[in-house]
Amino acid sequence: MEFIMPVFALIATPAVRIRSDGCAILKALPMEHLGARGMTEARTLTEISTAVTLYGERTAGAHPGRSFSISVHIRRGDRKPRGFDAAYRTGALGTDRWVLMVDNDADGARILHGRSAAETGNMASCKGDVA
């Protein structure tokens with residue numbers, strides 16, 4: 001019996017986390033994408049995470065200063081690896097590694113609509129932050 005490798009689509013969407021009353025809210029522009037969709041075959045969560053990292057690094061290089069999240073979609077009819085849903089939901093796949101944290105809606109709007117990270121003074125990377 002031949003094993004069919006699951007195929008995943010990776011899509012970078014402009015997004016920011018906005019601090020608000022002790023929590024952080026993710027705001028995204030779901031109908032906009034940065035660059036081309038990435039396609040990858042993967043059997044394990046580690047392979048998916050590696051593909052997300054490579055795709056994110058390419059996207060960040062092509063769109064310096066942009067804040068974005070990566071969504072991962074499996075091809076219809078394919079089977080997800082065990083634990084995929086939980087890993088995706090908790091951020092263990094690294095999909096939000098390139099999302100920037102801002103303090104207010106105005107800064108978030110500027111970043112979402114194309115201003116570079118260097119142009120906004122009061123934001124910090126969301127890497128390592130827990131919302």
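Treat the numbers as computed from the prediction; the structure is a model and nothing was measured. The figures that follow rest on heavy atoms only: side chains count, while hydrogens, waters and symmetry mates do not.
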Worksheet item: Would you call Pro81 and Phe8 a side-chain contact if the rule is heavy atoms closer than 4.5 Å?
Response: yes
Worksheet, complete the sentence: Value for NZ (Lys80) from CG (Leu45), rounded to nearest 0.5 Å, stands at 11.5 Å
Item to complete: Indicate the atoms forming the closest heavy-atom contact of Leu93 with Val52, along with that distance.
Response: O-CG1, 3.5 Å
Discussion item. According to a hydrophobic-cluster definition based on side-chain heavy atoms being under 4.5 Å apart (Ile, Leu, Val, Met, Phe, Trp, Tyr only), do Leu54 and Val72 belong together?
Written reply: no
Fill in: Pair Ser67, Arg17: side-chain N/O donor-acceptor within cut-off below 3.5 Å
no
Worksheet item: Considering all heavy atoms of both residues, which atom of Ala12 and which atom of Phe68 are nearest to each other, and what is their separation?
Response: CB-CD1, 3.8 Å
Discussion item. Working note: Arg66 + Thr59, criterion side-chain hydrogen bond (donor to acceptor under 3.5 Å, both in side chains); need CA distance, chi angles, decisive distance, verdict.
Written reply: CA-CA 9 Å; Arg66 291 300 303 266; Thr59 302; over 6 Å; no
Practice prompt. Would you list the pairs meeting salt bridge (Lys or Arg N to Asp or Glu O under 4.0 Å) in which at least one residue belongs to residues 68-79, sequence neighbours left out?
Written response: Arg75-Asp78
Discussion item. Tell me whether Tyr55 contacts the main-chain N or O of Thr40 through its side chain, where contact means a donor paired with an acceptor under 3.5 Å.
Written reply: no
Worksheet item: Taking a hydrophobic cluster as the set of Ile, Leu, Val, Met, Phe, Trp and Tyr residues connected by side-chain heavy atoms closer than 4.5 Å, whether directly or through intermediates, do Ile74 and Phe84 fall within one such cluster?
Response: yes
Discussion item. Using the rule given for side chain to side chain contact (heavy atoms under 4.5 Å, CB included), can you reason through His73 versus Ile11, listing the C-alpha separation, both sets of side-chain angles and the distance that settles it, and then say yes or no?
Written reply: CA-CA 8 Å; His73 305 276; Ile11 301 168; 3.8 Å; yes
Practice prompt. Rounded to the nearest 0.5 Å, what's the gap from CD1 on Ile18 to SG on Cys23? Could you check?
Written response: 11.0 Å
Fill in: Euclidean distance, Leu26 CG relative to Asp96 CG, rounded to 0.5 Å
6.0 Å
Worksheet item: Side-chain contact, heavy-atom cut-off 4.5 Å: Trp98 with Ile70?
Response: yes
Worksheet item: Got Thr13 and His33 here, is their nearest side-chain heavy-atom distance under 4.5 Å?
Response: yes
Item to complete: With rounding to the nearest 0.5 Å, note down the distance linking CG in Leu34 to CZ in Arg58.
Response: 13.5 Å
Discussion item. Return the OG1 to CD1 distance between Thr95 and Ile48, rounded to the nearest 0.5 Å.
Written reply: 11.5 Å
Practice prompt. Looking only at non-hydrogen atoms, find the nearest pair between Ser49 and Ala92 and report the distance.
Written response: OG-O, 4.3 Å
Item to complete: Please tell me if the side chains of Glu47 and Arg43 come closer than 4.5 Å, counting only heavy atoms from C-beta onward.
Response: yes
